[in-house]
Amino acid sequence: MKAIILVGGQGIRMRPLTNHIPKNIVPLCGVPFLTYQVEALRKAGIREIVFSIGYRPQDIKKVFRSGSHLGVKIHYALESHPLGTAGAIKNAEKFVKGSSTVVFNGDILTDIPLSTMIKLHKKKKHWATLGLVRVEDPMAYGLVLLDAKNNITKFLEKPAAEEVVTDTINAGVYVFEPQVFDLIPEGVNYSAERALFPHLLKDHHPFGGYVWEGYWQDIGTPKKYLTSHWDVLNGVFPVHAKLEQKHNHIYMGKNIKLGKGVLIKGPVIIEDGCVIHEDARILPYAVLGKNCVIGRKSIVSRSVLWEGVQVGEHVNLDEVVLGRHCSISSHSRVGAGSVLGDRARV
Ligand code: GDD
Ligand code: MG
């Protein structure tokens, strides 16, 4: 069993955070987002993973290299123009040829039990099995209808309001047999959701679903990106960053300087080299990247600060996301829900 992760889009809905970094490698609690998928695959015994990349490949290669530091072998399949979701899967075929393959959309965070899903896929002798989840509003996703035996009977990408007849959607995790790759044309833009899945249905190939009732999130927007941090800090996923866990879920890196009267209440993450000045408060669900500076009497709660953010005195940050090297001057206000790109100054 091998795996392909689709690392494609530009992350338009995540702007301005993704102006200078692909969305698949934005930090989540101190490690690049894709680390969570690599870990899930490794836990399921999959050691060979292809990153099928359509955008800024050098940024991603620089971070993941050969994969050996994560205990896996990572191959890179690059495209000269966007091939679409199925086209990108086909483009990675040479690395997985002849093997059953798990495919992950590169922007989802889930604890779906891959081993159980793979077992079901094999037992039912499917050509393709899709991981499925239930959501309140399926219109932003791929709608999936199942029969009583969990065979897929319909797949409708981004349904219109009147087409929503179920809450079950495509979770963006698949298991494919090698035959599925033969249905995808080479070198052209081809969609898994709009072309490949309808093709499987039209030709009556064995095609089923595995419904997962556990955790699932598409990190496509800054709001979801922020709440994913809270979910990790709540223990849905391990904190993968190399940090020391103190009491009460306070995760700290090295060389951190704490001024007199600083209050820290977990769960929080404070990475290497942060400086917290006197009487500042770091409150639950604050995540401070490397070398952040928090000024005297400032408060950070439920917020994510990327590397090198400088915060002056008497600033209250709640529910904000600040990109790398942002600078917030003393006494200024940054409203809840604010998202600032790299190097923004307030
Ligand atoms: N390499 C490559 N090339 N990857 C691509 C391309 C491409 O041309 N287009 C998209 N991708 C990658 C994206 O980076 C992402 O990881 C994944 O494929 C899915 O694309 P999105 O653009 O995020 O699609 P979506 O979120 O609107 O919908 C998809 O995900 C939903 C679940 O989150 C669909 O698969 C839906 O059916 C599904 O419900
Ligand atoms: Mg998506």
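We count ligands from 1, going down the list as the structure has it; atoms in each ligand are counted the same way.
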Examine the side chains of [X] and [Y] and answer whether a donor and an acceptor come within less than 3.5 Å of each other.
{"X": "S115", "Y": "K43", "answer": "no"}
{"X": "D111", "Y": "W212", "answer": "yes"}
{"X": "D218", "Y": "Y141", "answer": "no"}
{"X": "T85", "Y": "E193", "answer": "yes"}
{"X": "T101", "Y": "S99", "answer": "no"}

Between [X] and ligand 1, find which residue part has any heavy-atom pair under 4.0 Å and reply side chain, backbone, both or neither.
{"X": "P82", "value": "both"}
{"X": "F51", "value": "neither"}
{"X": "L6", "value": "both"}
{"X": "N189", "value": "neither"}

At less than 4.0 angstrom from any non-hydrogen atom of [X], what atoms of ligand 1 do you find?
{"X": "L83", "value": "8 (O)"}
{"X": "K23", "value": "23 (O)"}
{"X": "A88", "value": "1 (N), 2 (C), 3 (N)"}
{"X": "Y174", "value": "35 (O)"}
{"X": "G54", "value": "1 (N)"}
{"X": "D218", "value": "26 (O), 33 (O)"}
{"X": "K158", "value": "25 (P), 27 (O), 28 (O)"}
{"X": "E193", "value": "34 (C), 35 (O), 37 (O)"}

Less than 3.5 Å between some nitrogen or oxygen of [X] and one of ligand 1, yes or no?
{"X": "G8", "value": "yes"}
{"X": "G106", "value": "yes"}
{"X": "I108", "value": "no"}
{"X": "Y141", "value": "no"}

Check for a donor-acceptor pair, side chain of [X] on one end and backbone N or O of [Y] on the other, with a separation under 3.5 Å.
{"X": "S298", "Y": "H314", "result": "yes"}
{"X": "R324", "Y": "V309", "result": "no"}
{"X": "N255", "Y": "D272", "result": "no"}

Which N, O or S atom name in D107 marks its closest approach to the Mg ion (ligand 2)?
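When I compare the N, O and S atoms of D107, OD2 is nearest to the Mg ion (ligand 2).
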
For the pair H229 and Y225, name the ring-plane relationship: parallel under 30°, tilted 30 to 60°, perpendicular over 60°.
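Perpendicular, since the angle between the ring planes exceeds 60°.
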
Parallel, tilted or perpendicular: which describes the rings of F64 and H69, with under 30° parallel and over 60° perpendicular?
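Answer is tilted, since the angle falls between 30° and 60°.
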
Are [X] and ligand 1 in contact, using a heavy-atom cut-off of under 4.0 Å?
{"X": "W216", "value": "yes"}
{"X": "Y190", "value": "no"}
{"X": "S52", "value": "yes"}

Side-chain contact, heavy-atom cut-off 4.5 Å: N291 with C274?
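Side-chain contact under 4.5 Å: no.
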
The one among R13, E157, R194, Q37 that brings a heavy atom closest to atom 36 (C) of ligand 1:
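Closest candidate by heavy-atom distance is E157.
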
Of the choices D107, N105, L130, which has the non-hydrogen atom that lies closest to atom 21 (P) of ligand 1?
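That would be D107.
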
Hey, what do you get for CD (E213) to CG (L132), rounding to the nearest 0.5 Å?
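One gets 10.5 Å once the value is rounded to the nearest 0.5 Å.
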
Among F197, W127, F176, ring pair (Phe, Tyr, Trp, His ring centres under 6.0 Å) partner for H205:
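The passing option is W127.
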
